[in-house]
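First the structure, in the form of structure tokens, and then the observations on it.
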2 protein chains.
Amino acid sequence: MSTLWLRYPFVVNTVNTKPYHHGNLREEMVRIGVQLAAEGGPEAVSLRKIARRAGVSPSAAYRHFPGQDSLLGAVRHTAADALGRSMQDAVSQVAADAPAAERVIAAGRGYFEFALDRRMLFRCLASGFELPEQDSQDSPFARLLELVGGLEREALAVVDAAARFDAAVALWSAVHGISVLCTSGALRDVPPPRNRELLEVTLATAVRGLRF
Amino acid sequence: MSTLWLRYPFVVNTVNTKPYHHGNLREEMVRIGVQLAAEGGPEAVSLRKIARRAGVSPSAAYRHFPGQDSLLGAVRHTAADALGRSMQDAVSQVAADAPAAERVIAAGRGYFEFALDRRMLFRCLASGFELPEQDSQDSPFARLLELVGGLEREALAVVDAAARFDAAVALWSAVHGISVLCTSGALRDVPPPRNRELLEVTLATAVRGLRF
DNA sequence: TTGCCATGTGAACGATGTCTACATTGTGGC
DNA sequence: GCCACAATGTAGACATCGTTCACATGGCAA
């Protein structure tokens, strides 16, 4: 009981009168931005709407972001992390003794599943003009490069070491292309067993094409 | 001389006092929209700006388009036509007796060159959520399907007839993917002999991957 | 306690998409 | 030739948006 009495002023402060300072507004705005992006795509990420939902004035955003582009950039960054996680999850479910090609294909599936599962967020990501993403070691592309390296070692495909980057780009292009086409492109209405078939054909073609 | 005198009132009517009715405003607005898109990408296609440049009030646009989305759609349609022309030009420059694979690769090059050459317009195209494009016979994809058919006939690749569509999708994905990556994606800063190398690797990989 | 610095507010500006009521023009039926 | 009607364009308003600037508030360190 006494603890309840002691907590009373705190309750008043958070429920009836909100504090002047939010606490960590930046993270909150990014969180809401991701939510808006997931609902309505990149054009739904409005600075004013985010501020409104965060219970804050529009100009408060400018204490944390130079402008809306920066906010959208932060949202994209978060989305990119989620994409990477989706890829890694898919890869990590492949048996350790499976051939390396299986891992590459699993990464592609993870990419595609993320795109289909969270179309709007993926559209937001794909519409990005700036993707610094120079986390090098942790970026999805770096991971893909590593997987291609696995292909080399197993000689499932003969890939010249200097051309590893090129091979990764070819794979990335195919996966990104089919993902865009099936989420916001000409194939976006293809229903779901068929779109997975198209993914599989595209993946198989790309991987097979790495052999000389 | 007399003809000059006869034309005089007409000159006055077009220069000093503009006519109340534009003539064919719709086409003009689409033309200006394409121009704006080519300069600043899809977000630069503003209904009001187009109306201003056309010398017309903003609400006039609503006599020809239900809304801005429709206007942007018309702009995209025009851009898509240009893309198709770029592909066809590239294909038609291949010698008639060249192997069919050459034609497929040429189509991919035409696609890519359009994307690089008119980045903003291509971004506008790629950001499109709706692409009806059910012109069937004339659409770029239909043409690609035909080219893949050529591949079958020459047995350069063994493609089951029922899987021709899938093969075309795989090719399309690779070409679209590398185009997006090199224009607005992670590879957009790769300078121009290198990005063509990446294109060639991607194209070769995709075509080679169609063999079983 | 005081004063500074980070953070948030309020009002304003110009721009945008869209709507409604009204103005102008070309055209087909008498 | 005239006139009503449909097509087309205008003016003004509204809500929303991104952005800025002067000011308010609060935590924290000297």
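The structure displayed is predicted, hence computed values, not measured ones. Naming: A, B, ... by sequence-line order, numbering from 1 per chain.
- Partners of A:Asn195 by side chain to side chain donor-acceptor pair (under 3.5 Å), not counting sequence neighbours: none found.
- A donor-acceptor contact shorter than 3.5 Å links the side chain of B:Ser173 to the backbone of B:Val169.
- Residue A:Leu71 contributes atom CG, which lies 14 Å from atom C1' of D:dC17 at whole-angstrom precision.
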Under 3.5 Å, which N/O atoms of the protein pair with N/O atoms of nucleotides 11-13 of chain D?
from: D:dA11; atom 1: N6; to: B:Ser59; atom 2: OG; distance (Å): 2.8

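- Other residues, nucleotides and ligands contribute at most 12 non-hydrogen atoms within 6.0 Å of the CZ atom of A:Arg118.
- In terms of phosphate contacts, A:Ser46 brings a side-chain nitrogen or oxygen within less than 4.0 Å of OP1 or OP2 of D:dG18.
- Note: CG (B:Leu47) to C1' (D:dA15) measures 16 Å, nearest angstrom.
- Of the candidates C:dT9, D:dC17, D:dG9, the closest approach to any side-chain atom of A:Ala60 belongs to C:dT9.
- Rounded to a whole Å, the CZ atom of B:Arg63 is 10 Å from the C1' atom of C:dC22.
- For A:Phe141 and A:Phe165, the distance between ring centers is under 6.0 angstrom.
- For D:dG9, the OP1/OP2 oxygens have a side-chain nitrogen or oxygen of B:His64 closer than 4.0 Å.
- In this entry the distance linking CE of B:Met29 with C1' of D:dT8 reads 13 Å, nearest Å.
- The phosphate of D:dC17 (OP1 or OP2) has a side-chain N or O of A:Arg52 nearer than 4.0 angstrom.
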